[in-house]
Amino acid sequence: MAEATAARAAPARRRRKGFQTRRFPGLATFSAIFFGYLYLPIVILVALSFNANRTATIWTGFTTGWYGRALANGDMLQAAGNSLTIAVSAMVLSTVLATLGALGMSRRRFRGRTGVTALLSLPLIVPEIVTAVATLLFFVALGLQLGLATVILAHTVFCIPFAYLPIRARLEDMDPALREAAADLYANEWKSFLRVILPLLLPGILSGAMLAFIISLDDFVITFFTAGAGSTTLPVYIFSLIRMGVTPEVNAISALMLLISITFVSLSFVLASGKHRI
Amino acid sequence: MAVSAVEAQGVTKVFGSGAGEVRALDEVDVAIRQNEFFTLLGPSGCGKTTLLRLIAGFEQPTSGEILLEGQPIAGTPPFRRPVNTVFQSYALFPHMSVAQNVGFGMEMLGKDRRTIAETVERTLDLVKLGGLAGRKPAQLSGGQQQRVALARALANRPKVLLLDEPLSALDLKLRKEMQIELKRLQGETGITFVFVTHDQEEALTMSDRIAVMSAGRILQVGSPTEIYEKPTRRFVADFIGETNFLAAEVVAGEAGSLRVRLPGGRELSVLDAFEHKPGQTVTLAVRPERAELAEGGAEAQLAGRVENLVYFGTDTTYHVGLEAGGGFVVRLQNREGARRRHEVGASVGIRLPAEAVQVLRD
């Protein structure tokens, strides 16, 4: 009898409306404003990069001329080349180191493992300007000549945590028995790595590499501090152009960078959600 | 005598250290014969999987020695041991096809392509998976994945096949099928199987011999019949099947035969393998189906009242409250013509044939 009463009361209780964190008035409007604020400037920038008028804010007609001019600009190309060299180098170095780190961390538990994990992700939290100033002082103290090499070194260091996280996540999803199965089936450490661990880890590694690449490509603060003459990167170059006023050419260059970024981030995402279930 | 396939000598395995120390295996001695289906049976945490992992080489013993066909294998890494494992999670390589999975071991051993291809085909036929060679593990059902895991281990013709609760993820019907299948494969290949399970029924139906484990020790090793009918320890009798335990006092004893006084005062002669002395208290184990009910007659050893009865179709289980205190379960087969002779509340006597009573060691 008591049970029957309780059963009847339950739906009534569920019907009663209380404060709900997931539904409140104005959510849709608020979201629209939020997304508009976030993306509208970018949309406008891309649109104005096709604007025929030299004054950036007045639309007079469609042209791809600014892209042509941008691509014919020797300084711009030089900066883009530097950016690419730095990003690819930092990507390769940081991904290799991050992979080794993730593998090492996934072995046995050891004393101070939590500490190492925290240290690995610390660069994500430390204000970039602090890292930048510290790195500059460090290079100067070591007596290193600022140039491409110093930028690559600095970028590799701060790219490691970005490359590390997807690799580690992939490794954590992996059944530890797979490694044992490989050993059980006569594969030594090296063969086990090449034939089992690496192929399964590859989506994570590629995803980490893409992230590292894109983080390096659009970095400004650290590059600004650690780059010497001749090693100007694209973001630093754009910044120097802006100081003389926004031109449609800058818009075009920015739009190109945006395209590259979107391509790589999408690639990273697709690879991370890789087809192999572990 | 032929050399044992696997032998553990005083094997101890301790995990952790200090206050968090766990003694997973404690001075384990066991010899597994060539070509037998040997089962390590026990509840979770009893050390059975640890022993398996020591044989495979995934862990190293803290002390003691493991011999493979008479040769000590300490320090031999897993990839040099002629032993293969069927993992509980199957651990199939998800990026390889079924054929690549099954051929992996042989490929690592450097066998030539043709041998590998032929063996893969033959092994897949053996586990009835012919035609699925090109599939990826994710495209297979749980039962099929299980068979691939088996084929992958068997294809290398290991000296010993280690199976770590391989059937636990399957549903009941498939599990029954695979039990028969495993037994058949063991017979056909002649490979020594070391099978780990916590399922007593699985152990009884499949094994040549069973080692019952608890808290890092092996309590008893024997054939399923011996383990079931002649348990030597309370844990073994309790873990496998249903058992009545009676505390009895030894009145007289000599040369393996004891005269014991049961609760309620009646006396009984029983066989004893453990040299108990007069005055000692012993524990007797009696299987419910080995005891008989009598109408409170003089030849009964225990007296009580039927408290509850459960009809199972093939048999009926009587729960009897003993006059001397405690309960006793008797299971009677429902033969043709026999009716329920004892109703709830009826006074009954329980007859214990001497061969139905097992004197336990502790």
Side-chain angles (χ1 to χ4, degrees), chain A residues 95 99 102-115 166-209 267 270-278, chain B residues 15-17 20 49 52-53 55-59 76-97 100-111 116 136-140 145 148-149 151-158 160-166:
Chain A
T95 307
T99 306
L103 285 170
M105 292 289 285
S106 76
R107 288 271 139 145
R108 263 153 218 282
R109 315 205 144 261
F110 55 90
R111 197 183 283 270
R113 188 175 135 149
T114 325
I167 299 173
R168 182 94 190 95
R170 186 83 185 165
L171 207 51
E172 225 136 71
D173 281 345
M174 219 162 89
D175 183 356
L178 286 172
R179 202 176 256 178
E180 290 177 351
D184 190 65
L185 293 162
Y186 315 110
N188 60 26
E189 284 283 323
W190 179 238
K191 279 182 180 164
S192 158
F193 176 74
L194 277 188
R195 295 292 313 275
V196 178
I197 312 291
L198 191 61
L200 291 175
L201 218 50
L202 206 57
I205 293 175
L206 290 177
S207 163
L267 265 177
V270 170
L271 290 169
S273 58
K275 56 182 169 36
H276 296 311
R277 219 164 35 84
I278 302 188
Chain B
F15 289 106
S17 58
T49 297
L52 203 75
R53 293 174 60 80
I55 300 171
F58 303 140
E59 311 273 357
T76 309
F79 60 84
R80 292 218 187 90
R81 297 189 182 195
V83 163
N84 288 119
T85 308
V86 176
F87 293 84
Q88 187 170 9
S89 61
Y90 310 149
L92 298 177
F93 304 128
H95 57 302
M96 298 183 197
S97 70
Q100 284 170 322
N101 265 284
V102 177
F104 188 82
M106 288 178 284
E107 198 189 320
M108 291 299 119
L109 287 174
K111 297 267 161 66
I116 295 176
K136 287 280 174 70
Q139 297 168 299
L140 301 177
Q145 290 182 20
V148 176
R152 187 177 68 174
L154 281 173
N156 310 294
R157 300 227 114 238
V160 179
L161 184 72
L162 307 172
L163 302 108
D164 185 10
E165 307 225 15

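Letters A, B, ... mirror the listed sequences (proteins, then strands); counts begin at 1.
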Q: Check each atom of B/Arg152 against the heavy atoms of chain A and say whether the ones under 4.5 Å are side chain, backbone, both or neither.
A: both

Q: Kindly compute the distance separating NZ (A/Lys191) from CZ (B/Phe79), expressed to the nearest 0.5 Å.
A: 9.5 Å

Q: What I'd like to find out is whether the side chain of B/Phe93 reaches to under 4.5 Å of the side chain of A/Arg195, using heavy atoms alone.
A: no

Q: With a 4.5 angstrom heavy-atom cut-off, is it the side chain or the backbone of B/Glu107 that approaches chain A, or both, or neither?
A: side chain

Q: Please classify the contact of A/Arg179 with chain B as side chain, backbone, both or neither, using a heavy-atom distance under 4.5 Å.
A: neither

Q: Atom CE of B/Met96 and atom CG of A/Leu200: how far apart are they, to the nearest 0.5 Å?
A: 7.5 Å

Q: Taking everything shown except B/Gln139 itself, do over 12 heavy atoms lie less than 6.0 Å from its CD?
A: yes

Q: State, to 0.1 Å, how close A/Tyr186 and B/Met108 come at their nearest heavy-atom pair, and which atoms those are.
A: O-CB, 3.4 Å

Q: In this structure, which one of B/Val86, B/Thr85, B/Asn156 forms a side-chain contact (heavy atoms from CB on, under 4.5 Å) with A/Asp184?
A: B/Thr85

Q: Check A/Leu185 against B/Asn84 and note the closest heavy-atom contact, atom names and distance.
A: CD2-ND2, 3.7 Å

Q: What's the separation between atom CZ in B/Phe87 and atom CG in A/Asp175, rounded to the nearest 0.5 Å?
A: 8.5 Å

Q: Any idea which of B/Arg53, B/Arg80, B/Met106, B/Gln88 has the most non-hydrogen atom pairs under 4.5 angstrom with chain A?
A: B/Arg53

Q: Is B/Leu162 close to chain A through its backbone or its side chain, or both, or neither, when contacts mean heavy atoms under 4.5 Å?
A: neither

